[in-house]
Amino acid sequence: MEEMYGIKYTKPEVVLLQDTGIGVAETAARTCYDSFGNSENEIVQEIEKVLPDTKMCESLNNIEESQLLDDLAWTYFHHSILEHANLSYLIRGTSRGVLQEHARHRIQAISVRSTRYTMSSLINAFVAAKHSGEKEFFIEKVLGFDMFVTADEAYNRLEISAMYDKLDFQSKKVDNFYELAVAKSSLPLLKEFQGKPQKLYDALQTGKKKRNVGDAFKHIITDNVKVDMVVTFNLRSLKNYLTLRDSGAAYFQIRWLAQEMMKVTPKKYLDLIIKKK
């Protein structure tokens with residue numbers, strides 16, 4: 001947790017899910033120069049004359065160092081060869097504000113937790129609170145979701161209260177609001193549990209989920225809402241990302257993300273993309 005500009009924030013968590021190794025990148029470079037015999041890695045020398053089998057490929061992908069790749073990265077700046085190495089990260093607890101900047105890095109595969117499909121609990125909490133006339137129920141319930149990167153409870157109460165007010169405004173403008181909010185099979189629950197917000201919420205949670213519920217309601221989401229995603233970068237693209245985002249000029253939240261990604265990135269990759277001081 002860290003305070004910035006008077007607001008406390010939580011930092012994202014990052015796990016490296018998989019990495020392909022640097023052996024393929026060296027093999028690609030050696031193919032260009034027909035220089036397999038010059039490698040310090042015995043497995044690279046071996047594949048000059050034979051097609052590698054599964055065991056040889058495993059050895060190739062376990063290479064920890066490559067002088068050729070180091071020369072290409074730092075002497076000749078031939079970074080295209082780094083595109084043969086890929087790393088995938090699981091990221092939890094960054095923000096939608098970060099997502100907007102993260103998506104500007106186009107050469108990546110990115111899969112993000114969808115607000116279209118994952119807002120049911122939030123909307124169920126509003127329906128239960130609204131139908132029972134208890135706004136505080138909504139605020140307390142959503143506080144328990146831990147859905148914001150902001151960590152001050154008083155601040156998050158303001159966020160949640162604003163969410164309620166927006167939904168309340170919408171409910172007065174749309175005649176079929178509850179039909180938009182919950183599945184048709186759950187509509188009778190509103191009458192059954194009138195005035196009982198917790199029981200209504202529990203019943204809605206165990207009932208059928210409204211499909212694409214976020215379509216009507218994602219307008220209430222702010223940049224402070226947490227985002228989970230899986231991203232895959234090739235090493236050249238990762239170099240660009242970390243150079244720009246682990247910088248004093250970067251937005252502080254994406255800088256935190258870049259720093260957490262660096263912490264879980266093996267040294268053999270960082271040595272090829274982060275300049276040693």
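Below, all heavy atoms of this structure are taken into account, side chains as well, without hydrogens, waters or symmetry copies.
- The main-chain N or O of Asn38 is never found under 3.5 Å from a side-chain atom of Ser35 such that the two would form a donor-acceptor pair.
- The distance between the ring centers of His105 and Phe233 does not fall below 6.0 angstrom.
- Taken together through direct or relayed side-chain contacts under 4.5 Å among Ile, Leu, Val, Met, Phe, Trp and Tyr, Leu272 and Tyr76 form part of one hydrophobic cluster.
- Here the closest heavy-atom approach between residue Leu122 and residue Met163 is recorded as CD2-CE, 4.2 Å.
- Few gaps surround CG on Asn176; more than 12 heavy atoms of other groups in view lie less than 6.0 Å from it.
- Contact annotation: the side chain of Val24 approaches that of Asn61 to within less than 4.5 Å [non-hydrogen atoms, C-beta and beyond].
- Here the closest heavy-atom approach between residue Gln108 and residue Ala103 is recorded as NE2-CA, 4.3 Å.
- Considering all non-hydrogen atoms of both residues, Thr222 and Arg96 come closest at O-CD, 3.7 Å.
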Take Tyr269 and Leu238 through the side chain to side chain contact (heavy atoms under 4.5 Å, CB included) test and state the conclusion after the steps.
-> CA-CA 10 Å; Tyr269 301 107; Leu238 185 63; 5.7 Å; no
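- For the atom pair Leu87 CG and Met261 CE, the distance stands at 8.5 Å (nearest 0.5 Å).
- The structure places CG of Leu167 at 5.5 Å from NE2 of His219, a figure rounded to the nearest 0.5 Å.
- The same ILVMFWY cluster, assembled from side-chain heavy atoms under 4.5 Å apart, contains both Leu143 and Val127.
- For Glu42, the CD atom counts as loosely surrounded, since its 6.0 Å shell holds 12 or fewer non-hydrogen atoms of other residues, nucleotides or ligands.
- Here CD1 of Ile107 is found 6.5 Å from CD of Glu83. Values are rounded to the nearest 0.5 Å.
- Under 3.5 Å, the side chains of Asp71 and Gln67 contain a donor-acceptor pair of N or O atoms.
- No side-chain heavy atom of Thr115 sits less than 4.5 Å from a side-chain heavy atom of Val225.
- For Lys199, the NZ atom is loosely surrounded, since the number of other residues' heavy atoms within 6.0 Å does not exceed 12.
- Judged by distance alone, the side chain of Glu65 and the main-chain N or O of Asp70 form no donor-acceptor pair under 3.5 Å.
- Both Ile110 and Leu16 are part of a single hydrophobic cluster, where members link through side-chain heavy atoms under 4.5 Å apart.
- A donor and an acceptor atom, one from each side chain of Lys209 and Ser120, are nowhere located under 3.5 Å apart.
- With a 4.5 Å cut-off on side-chain heavy atoms, Ile81 and Arg236 do not count as touching.
- Between Arg245 and Glu101 there is a salt bridge, since a side-chain N of the basic residue sits under 4.0 Å from a carboxylate O of the acidic one.
- By the 4.0 Å N-to-carboxylate-O rule, Lys263 lies too far from Glu13 to be salt-bridged with it.
- Residue Tyr164 is tested with Phe169, Phe138, Phe217 for a ring pair (Phe, Tyr, Trp, His ring centres under 6.0 Å); the sole match is Phe138.
- With a 4.5 Å cut-off on side-chain heavy atoms, Trp256 and Glu2 count as touching.
- Considering only heavy atoms from C-beta on, Asp215 comes within 4.5 Å of Arg116 through its side chain.
- The two residues Ala250 and Leu244 come nearest to each other via the heavy atoms CB-O, 3.7 Å.
- Expressed to the nearest 0.5 Å, how far CE of Met262 lies from CD1 of Ile274 amounts to 4.5 Å.
- For the residue pair Ser121 / Gln205, a side-chain donor-acceptor distance below 3.5 Å is found, with atom types taken as modelled.
- Of the inter-residue distances, the one linking Ile139 atom CD1 with Ile160 atom CD1 reads 7.0 Å to the nearest 0.5 angstrom.
- To the nearest 0.5 Å, atom CD of residue Glu64 and atom NZ of residue Lys267 are 9.5 Å apart.
- Looking at Glu134 and Lys196, no side-chain N of the basic residue comes within less than 4.0 Å of a carboxylate O on the acidic one, giving no salt bridge.
- The residue from Gln45, Glu48, Glu26 that alone fulfils the side-chain hydrogen bond (donor to acceptor under 3.5 Å, both in side chains) condition with Ser39 is Glu26.
- Taking the charged nitrogens against the carboxylate oxygens, Glu58 and Lys55 have no contact shorter than 4.0 Å, which rules out a salt bridge.
- Residue Val149 is grouped with residue Tyr5 when hydrophobic side chains (ILVMFWY) are merged at heavy-atom distances under 4.5 angstrom, including chains of intermediate members.
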Might you work through the side chain to side chain contact (heavy atoms under 4.5 Å, CB included) test for His131 and Gln194, ending with a clear yes or no?
-> CA-CA 7 Å; His131 208 57; Gln194 175 74 44; 2.9 Å; yes
Verdict with reasoning, Asp202 to Phe193, per side chain to side chain contact (heavy atoms under 4.5 Å, CB included) = CA-CA 10 Å; Asp202 292 340; Phe193 296 107; over 6 Å; no
Would you please test Phe137 and Tyr201 for side chain to side chain contact (heavy atoms under 4.5 Å, CB included) and show each step?
-> CA-CA 10 Å; Phe137 175 86; Tyr201 175 78; 4.0 Å; yes
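- Thr94 approaches Pro12 most closely through the heavy-atom pair N-CB, 4.0 Å.
- No hydrogens or angles considered: nothing links the side chains of Ser186 and Lys208 as a donor-acceptor pair under 3.5 Å.
- Under 3.5 Å, the side chains of Thr150 and Asn156 contain a donor-acceptor pair of N or O atoms.
- A heavy-atom distance below 4.5 Å is not found between the side chains of Trp74 and Asp271.
- In this structure, the side chains of Ile7 and Asp152 come closer than 4.5 Å at one or more pairs of heavy atoms.
- A heavy-atom distance below 4.5 Å is found between the side chains of Asp223 and Gln100.
- Closest approach of Gly214 and Met119 over heavy atoms only: CA-SD, 3.8 Å.
- Taken together through direct or relayed side-chain contacts under 4.5 Å among Ile, Leu, Val, Met, Phe, Trp and Tyr, Phe145 and Val112 form parts of separate hydrophobic clusters.
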Candidate pair Glu136 and Arg157, rule salt bridge (Lys or Arg N to Asp or Glu O under 4.0 Å), full reasoning = CA-CA 10 Å; Glu136 186 60 24; Arg157 280 181 169 274; 3.0 Å; yes
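- In summary, the side chains of Ser88 and Gln18 do present a donor paired with an acceptor at a separation below 3.5 Å, with no hydrogens or angles considered.
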